[in-house]
Amino acid sequence: MSSALPPFTTPQEPHDKPVLLELGTGSDEPCLRADAARNRARLLDAAARLVAEHGAAGVTMEAVAAAAQVGKGTVFRRFGDRTGLLTALLDHSEKKFQASFLSGPAPLGPGAPPVERLRAFGCAALRRAADDLELQLAAEACPDRRHLVPAHRVRFGHVVMLLRHAVPEADAELLAHTLMGYLEPALIFHLTRQRQMPMERLQSGWYDLVARLTSPALPTA
């Protein structure tokens, strides 16, 4: 961190009312007809029941169609594929999470120093991942799309913005990738389910990582 880097062109966090992005494309959702919106809600309710009863593995397009008593083609037209269906299930909680770190109370929301906000963001993201872990794993995009999903881009841009304020001389974009990697659902699954690590240890590790990445650089000889 010895020299200043050129400005990063990612838009900064808005200071007025933030725009919350969905996990999927969702471009037509505001214009859905009332009957189409009801059908969509009916399909999501059926999918949510399947998750509650059988886990995310039990959610297939065929199973949702049967539970909602509609044709399989209806499910495919509405959500595209299984990943689209699962991301739609996660959309509501993702919007709430985005609202909490974009405009909610400090320290997660605006008003606290950037390092405090980074600490709070990671803990909140870890808790949310643990609550919806199986569903998040099932809905995770393939590698070539993972970093392009709108929800990921919102989180990533937020972390970049906080890092730019906390360590303006650093490469905030690359440091943000390091921090976001700590919050990947696959890693959280491995640590909490396969390694049986308590959430408190993951949160402590997040605090340590944030401290190490945002501490002033030591002078070189």
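Bear in mind the structure is a predicted one, so any value in this text is a computation, not a measurement.
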Do the side chain of R82 and the main chain of V59 share a donor and acceptor less than 3.5 angstrom apart?
yes

Ignoring hydrogens, what is the shortest heavy-atom contact between A172 and R164? Give both atom names and the distance.
CB-CG, 3.6 Å

Using a strict 4.0 Å threshold on nitrogen-to-oxygen distance, state whether D45 and R49 make a salt bridge.
no

Does R193 reach the side chain of L133, with side-chain heavy atoms less than 4.5 Å apart?
yes

Check whether any side-chain N or O of E116 sits under 3.5 Å from a backbone N or O of P107 as a donor-acceptor pair, and report yes or no.
no

Is the shortest distance from a Lys or Arg side-chain nitrogen in D131 or R127 to a carboxylate oxygen in the other one below 4.0 Å?
no

Derivation of the side-chain contact (heavy atoms from CB on, under 4.5 Å) call for F76 and L85
CA-CA 9 Å; F76 277 98; L85 171 62; over 6 Å; no

I'd like to check Q194 versus F189 (side-chain heavy atoms, cut-off strictly below 4.5 Å). Are they in contact?
yes

Taking A68's backbone N and O only, do any of them form a donor-acceptor pair with R42's side chain (distance below 3.5 Å, no angle check)?
yes

Judged by atom type as modelled, is there a donor-acceptor pair below 3.5 Å linking the side chain of R119 to the main-chain atoms of V210?
no

When rounded to the nearest 0.5 angstrom, what distance separates CG in L126 from CE in M199?
5.5 Å

Are E94 and R155 within salt-bridge range, i.e. N to O under 4.0 Å?
yes

Backbone N or O of L50 within a donor-acceptor pair of the E53 side chain at under 3.5 Å?
no

Carefully, step by step, assess H147 and M180 under the rule side-chain contact (heavy atoms from CB on, under 4.5 Å).
CA-CA 10 Å; H147 297 283; M180 293 294 287; over 6 Å; no

Within a reach of under 6.0 Å around CZ of R201, are more than 12 heavy atoms found that belong to other residues, nucleotides or ligands?
no

R153 and L148 have their tightest heavy-atom pair at CD-O, 3.3 Å

Taken to the nearest 0.5 Å, the spacing of L191 CG from M197 CE works out to 5.0 Å

Minimum side-chain heavy-atom gap L118-V159 below 4.5 Å
yes

Would you check if L86 and L135 make a side-chain contact, meaning some heavy-atom pair closer than 4.5 Å?
yes

For a side-chain contact (heavy atoms from CB on, under 4.5 Å) check, start with the C-alpha distance between R146 and H152, then their side-chain angles and the critical distance, and finish with the verdict.
CA-CA 8 Å; R146 187 168 300 155; H152 179 90; 5.5 Å; no

How far apart are the closest heavy atoms of S103 and P110, and which atoms are they?
CA-CD, 3.9 Å

Show the nearest heavy-atom pair for residues E140 and A186, with the distance to one decimal.
OE1-CB, 4.5 Å

Side-chain heavy atoms of R117 within contact of L108, under 4.5 Å:
no

Look at the side chain of S215 and the backbone N and O of A211, then say whether any donor-acceptor pair between them is shorter than 3.5 Å.
yes

Counting distance only, does the side-chain N/O of D171 pair as donor-acceptor with the main-chain N or O of L174 below 3.5 Å?
yes

Test side-chain contact (heavy atoms from CB on, under 4.5 Å) on L175 and L179; report intermediate values, then the result.
CA-CA 6 Å; L175 290 187; L179 288 172; 5.6 Å; no

Centre-to-centre under 6.0 Å for H158 and F121, is that the case here?
yes

Side-chain heavy atoms of L163 within contact of P114, under 4.5 Å
no

Atom CZ in R40, atom CZ in R78: separation rounded to 0.5 Å?
6.5 Å

When you measure from the side chain of Y182 to the backbone N and O of L202, does any donor-acceptor pair fall under 3.5 Å?
yes

Would you call L90 and Q136 a side-chain contact if the rule is heavy atoms closer than 4.5 Å?
yes

Nearest atoms (heavy-atom pairs only) where A124 meets F97
CB-CE1, 3.6 Å

Got a sec: does the CD of Q69 have more than 12 other heavy atoms crowding it under 6.0 Å?
no

Closest non-hydrogen atom pair, L183 against G122
CD2-O, 3.9 Å

